[in-house]
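As the structure lists them, so they are numbered: ligands from 1, and atoms in each ligand from 1. Please read all numbers here as calculations on a predicted model, not as lab measurements.
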Amino acid sequence: MILVTGGAGFIGANFILDWLGNPSAEGIVNLDKLTYAGNLATLDSLKNDSRHIFVHGDIGDKELIAKLLKEHQPRAIINFAAESHVDRSIHGPAEFMQTNIVGTFNLLECACKYWNSLEGDIKETFRFHHVSTDEVYGSLSASDPAFTEANSYEPNSPYSASKAASDHLVRAWFHTYHFPVVTTNCSNNYGPYHFPEKLIPLVILNALSSKPLPIYGDGQQIRDWLYVGDHCSAIREVLAKGKLGETYNIGGWNEKTNLDVVKTICRILDELKPRADGKSYKEQITFVKDRPGHDRRYAIDAGKVERELGWRPAETFDTGIRKTVQWYLDNPVWIEGVVSGSYRDWLQKQYN
Ligand code: NAD
Ligand code: TYD
């Protein structure tokens, strides 16, 4: 068994689907609070798979975590659970501090206690894998080299500050208690089952429903884009072979401006599902008020994980974004399930 937290969210669910896609893979206990970002419909195909055990709960619930660890004796924990959206962290940071900092602290305490109670092989090989973000490193200028694992932490948003704090806790548990941890810091993920509050799915869905495609500021902010399937393979690699106490940057080697990303999506949609009036989806691009404190550029140097563990992403941005657009065209039922009242409230609050 392994214990996955936040496995009903975008990356966690993709990870579970990939993992259990291997018929000989061990089972997963999936602990998720089912916030607005958690969606069990994503895991529908596992309904009859006894290797997936879903538990509705909070990483901040000590008693529940202790009970789950005792009952299932996992050989590893992968912590995906988090509040993950920068714009929401600007409107309401409290939940981010609670889950990302206090929740991670709680999980570490319970997991460390459990690990101390183990003996033999399972104790030797146990791993706590913490999933984090490149946003902890702050913002780069156009000419700065990409982030390496040696960059100092300079988080700028409530979200990135809360993730940075969680990374520090994980590091401290290794140094102080010799708790066996690895941390990965990845760039912007995209792919199937992505909640449409983030740029790529939001733009695809807005384009298809004839709504504006909102670009913050001048659209020249740069992000590195990592296909979620590649991220999942990187996590498997680091979990299996990563050195304890180390951090690994995971990136797609795909730096793009936001405007380029949106234009690429429009081009693919023009080809796969042309607008009824024959015009390009680019006509829907609208420049809107910038995000406060908007980081200008993130870029990941993923050289360490390639040199030391032999991992490189399989997708280019062109192949990954085409698969992603096609996935959203092919999955209207999943989309209908997430575009609920609370999602519409968020759009109203953020985009007026
Ligand atoms: P997500 O917001 O889609 O999913 C988060 C999941 O965690 C949801 O299912 C939610 O219900 C669950 N959750 C929230 N609070 C919880 C709690 N207190 N207890 C248990 N479950 C809880 O996020 P994601 O995009 O899948 O991101 C997963 C992880 O990867 C996060 O730690 C995030 O910081 C990190 N990350 C994401 C990206 C990205 O581009 N999406 C990039 C870098 C790092
Ligand atoms: P997002 O997907 O929210 O991820 P993050 O903030 O974690 O990088 O945003 C990606 C980029 O797209 C970021 O620079 C903000 C920008 N953006 C827009 O321009 N318009 C939007 O409507 C959204 C949601 C994001």
TODO: On the 0 to 90° scale, with breaks at 30° and 60°, tag the Phe126-Phe179 ring pair as parallel, tilted or perpendicular.
DONE: tilted
Task: Ser187 touching ligand 1 at heavy-atom level, < 4.0 angstrom - done: yes
Task: Distance-minimising heavy-atom pair for Gln350 and Tyr216 - done: NE2-OH, 2.9 Å
Task: ligand 1 atoms in contact with Asn188 (distance to a heavy atom under 4.0 Å) - done: 40 (O)
- [ ] State plainly whether the residues Glu71 and Lys67 are in salt-bridge range, i.e. N to O under 4.0 Å.
- [x] yes
Open item on the list: Could you identify the single nearest non-hydrogen protein atom to atom 30 (O) of ligand 1 and state the distance to 0.1 Å?
Closed with: Val131 CG1, 3.5 Å
Task: Option of least heavy-atom distance to atom 5 (P) of ligand 2 (set: Arg297, Gln221, Glu135) - done: Glu135
Open item on the list: Which residue and atom name correspond to the protein heavy atom nearest atom 29 (C) of ligand 1, and how close is it?
Closed with: Phe80 O, 3.2 Å
Task: Numbered atoms of ligand 1 (with element) below 4.0 Å of Ser132, judged on heavy atoms - done: 43 (C), 44 (C)
Open item on the list: Within the structure, is a non-hydrogen atom of Glu197 found at a distance of less than 4.0 Å from ligand 2?
Closed with: yes
- [ ] Measure across Glu255 and Ile222 and return the closest heavy-atom pair with its distance rounded to 0.1 Å.
- [x] OE1-CG2, 3.5 Å
- [ ] Closest by any non-hydrogen atom to atom 43 (C) of ligand 1: pick that one out of Cys186, Gly7, Ala13, Ser84.
- [x] Cys186
Open item on the list: I'd like to check the side-chain hydrogen bond (donor to acceptor under 3.5 Å, both in side chains) partners of Lys263; sequence neighbours left out, ordered by chain and number.
Closed with: none
Task: Closest protein heavy atom (residue, atom, distance) for atom 19 (N) of ligand 1 - done: Ile59 N, 3.0 Å
Open item on the list: Within the structure, is a non-hydrogen atom of Tyr159 found at a distance of less than 4.0 Å from ligand 2?
Closed with: no
Open item on the list: Taking Arg297 first and then Asp224, would you say they form a salt bridge - that is, a charged N and a carboxylate O separated by under 4.0 Å?
Closed with: no
- [ ] Specify side chain, backbone, both or neither for Phe15, according to which of its non-hydrogen atoms lie closer than 4.0 Å to ligand 1.
- [x] neither
Open item on the list: Just to be sure I read this right, does ligand 2 sit under 4.0 Å from the backbone of Asn188, its side chain, both, or neither, counting only heavy atoms?
Closed with: side chain
- [ ] Have a look at ligand 2 and work out which part of Leu199, if any, has a heavy atom under 4.0 Å from it: side chain, backbone, both or neither.
- [x] both
- [ ] Before accepting this row, confirm whether a basic side-chain N of the pair Lys323/Glu315 lies closer than 4.0 Å to the acidic partner's carboxylate O.
- [x] yes
- [ ] Compare every heavy atom of Lys211 with every heavy atom of Gln284, then report the nearest pair and how far apart it is.
- [x] NE2-O, 2.9 Å
